[in-house]
Protein chains: 2
Amino acid sequence: MTNDNKPGGRPRDETSAPAIKAAARRLVTEKGYENVSISEIVRVAGVARQTLYRRWSSKADLVLEAFFETAGEPPTLSGNAGLTARSVLEKFLADVFDSLAREGDAISSLIACAQSDPEFCETFKEKFVFPREQMVRQILNKACSERELPPSADIDTVTAMIHGAFWYRLLTNQPLDRPFAAALVSSVFPTRPT
Amino acid sequence: MTNDNKPGGRPRDETSAPAIKAAARRLVTEKGYENVSISEIVRVAGVARQTLYRRWSSKADLVLEAFFETAGEPPTLSGNAGLTARSVLEKFLADVFDSLAREGDAISSLIACAQSDPEFCETFKEKFVFPREQMVRQILNKACSERELPPSADIDTVTAMIHGAFWYRLLTNQPLDRPFAAALVSSVFPTRPT
DNA sequence: TAAATTAGTGGACTATAGTCTATTATTGTG
DNA sequence: CACAATAATAGACTATAGTCCACTAATTTA
């Protein structure tokens, strides 16, 4: 972050970060995370590698921000008035799976990077994992309060099972689609609403 | 694999593979997958790197075999006569979580490696993922046939949720312990047996 | 015994993420 | 204008996984 307090110093070129993120997003979408090098990203962005590493601590850190700072923000829960929690959850999961069609490779690579980089793991959890986990928790809390689930339901465990199921499918290259969203929801809410 | 049909050729040194696997297992257990280099493994094993790469196509391939060829074979379902499927599943998960205390770092690293190496991903699924998935499926099938679960239960989805939940916890560095095994089982079998 | 074949050795080599360096550029301050 | 501070450039450099190479060793066959 530029030093706004101290005198002097060359100001950051404010076109650099957007250019780097745009290059990263485009190249990773086209070729896959593993097939894109830092050298290629900086060449396409027209900057030096040090310029990139001054802003992000790793390739994964950059790609996380490139994909999820704006374009990949989690779907909101708005527009769900009158819907059951079950329907909201199904729609939420279907939306997540739709976006995984574009971003699945980046996400599975970021999960992988988090295993070898503790610092990135914390960032990834804060910026990606926990916000999405929280949304599912909200939906399940509403389900309990409206008796779609028993009040005694173990929200944390069910949340881990829902997220875990799609991480498992993503990481083992199995399909993530609307039928699977429906199947997950049916396993969580065994009795269908009438 | 040694060529048993064609004439000639230097026979493989049969002490090499066990030595390499023992070195890999010890070093990865002590220091963690990422902190162990191929150079270190071959130095400890007393072989050349080409000797290793003649037997395994990658570091991950070696570590998978080192950990799960023998010592890490999935727990069996034997000795469960008279137990409910629910109890069998809880015991199975508790055993898995016990072994993850020792092998969790290796497994999360192997899951990570599978994301960037399609060939290894197939090997990992065949040798590690599917056998364990099958065991859970067996337990759940028995649960259905003995009415501990509804016969209409979606076995594949529940299996993905169970595995997924512990992968999720493993990959996000959250605890995997007996209380979590119990919580998973309680979420799958909501009504407690009397 | 020579030839063919395969393994083992001890590296050198390549590709990449990430780090470091010397130089130039851009600001604010006295 | 000189100085201090920070950024950008254009690489060189380090560490590691994985590949390649020249040489030696161990076998079988004719």
Side-chain angles (χ1 to χ4, degrees), chain A residues 1-20 23-24 27-28 31-64 109-110 112-120 123, chain B residues 1-20 23-24 27-28 31-64 109-110 112-120 123:
Chain A
M1 168 155 326
T2 48
N3 190 340
D4 293 330
N5 297 331
K6 288 273 195 85
R10 179 171 171 163
R12 287 205 176 173
D13 185 340
E14 297 195 5
T15 67
S16 298
I20 296 168
L27 290 168
V28 169
K31 303 171 74 172
Y33 184 92
E34 293 299 323
N35 298 321
V36 174
S37 65
I38 287 288
S39 296
E40 193 173 6
I41 293 173
V42 297
R43 184 175 54 74
V44 169
V47 300
R49 67 196 302 117
Q50 190 56 42
T51 303
L52 185 158
Y53 282 104
R54 187 168 286 120
R55 288 162 173 76
W56 298 279
S57 54
S58 66
K59 181 184 178 185
D61 204 26
L62 161 63
V63 170
L64 175 64
S109 298
L110 294 180
C113 292
Q115 304 317 303
S116 55
D117 184 343
E119 184 191 329
F120 175 70
T123 301
Chain B
M1 169 155 325
T2 48
N3 192 339
D4 292 331
N5 297 330
K6 287 271 196 84
R10 178 171 172 163
R12 286 206 175 171
D13 185 340
E14 298 194 6
T15 67
S16 298
I20 296 169
L27 290 167
V28 170
K31 304 170 75 173
Y33 183 92
E34 293 297 325
N35 299 320
V36 173
S37 65
I38 287 288
S39 297
E40 194 174 5
I41 293 173
V42 298
R43 184 175 54 74
V44 169
V47 299
R49 68 196 303 117
Q50 190 57 42
T51 304
L52 185 157
Y53 282 104
R54 189 168 284 119
R55 288 162 173 74
W56 298 279
S57 54
S58 65
K59 180 183 178 185
D61 204 27
L62 161 63
V63 170
L64 175 63
S109 299
L110 295 180
C113 291
Q115 306 315 304
S116 56
D117 183 343
E119 184 190 330
F120 174 70
T123 301

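Chain letters run A, B, ... following the sequence lines, proteins first and then strands; every chain starts at 1. Heavy atoms only: backbone and side chains are in, while hydrogens, waters and symmetry mates are out. Because the structure is predicted, anything quoted here is derived from the model rather than measured.
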Please tell me which of the listed nucleotides, D/dA8, C/dT9, D/dA17, lies nearest to the side chain of B/Lys59?
D/dA17
Nearest to the side chain of B/Ser37, heavy atoms from C-beta on, is which of D/dT27, C/dG8, D/dT16?
D/dT16
Taking all heavy atoms of B/Ala60 and all of B/Leu110, pick out the closest pair and write down the distance.
O-CD2, 3.5 Å
Under-3.5 Å N/O pairs linking protein and nucleotides 20-23 of chain C:
from   : atom 1 : to      : atom 2 : distance (Å)
C/dC20 : N4     : A/Gln50 : OE1    : 2.6

Write down the distance between CD (A/Glu40) and P (C/dA17), rounded to a whole number of angstrom.
10 Å
Side chain of B/Arg54 only, please: which of C/dA7, D/dT27, C/dG18 is the nearest?
C/dA7
Length of the CD1-P vector between A/Ile41 and C/dG18, whole Å
10 Å
Is the closest side-chain heavy-atom distance between A/Trp56 and A/Leu64 below 4.5 Å?
no
Among D/dG18, D/dA8, C/dT6, which nucleotide has an atom closest to any side-chain atom of B/Tyr53?
D/dG18
Decide yes or no for A/Arg55 and A/Ser16: does some side-chain heavy atom of the first lie under 4.5 Å from some side-chain heavy atom of the second?
yes
Measuring from the side chain of A/Ile38 (C-beta onward, heavy atoms only), which nucleotide among C/dA17, D/dA8, D/dA17 has the closest atom?
C/dA17
Run the side-chain donor-acceptor check on residues 39-49 of chain A: report pairs under 3.5 Å with partners two or more places apart or on a different chain.
from    : atom 1 : to      : atom 2 : distance (Å)
A/Ser39 : OG     : A/Arg49 : NH1    : 3.3
A/Glu40 : OE1    : A/Lys31 : NZ     : 3.1
A/Glu40 : OE2    : A/Lys31 : NZ     : 2.8

Can you tell me the distance, in whole Å, between the CG atom of B/Asp13 and the C1' atom of D/dA25?
12 Å
Proximity to the side chain of B/Val47 - top-ranked nucleotide from D/dT27, D/dT9, C/dT9:
C/dT9
When rounded to whole Å, the OH to C1' distance for the pair A/Tyr33 and C/dT16 reads 12 Å
Between P of C/dT9 and CD1 of B/Ile20, the distance in whole Å:
9 Å
Spacing between A/Arg43 atom CZ and D/dA10 atom C1', to the nearest angstrom
15 Å
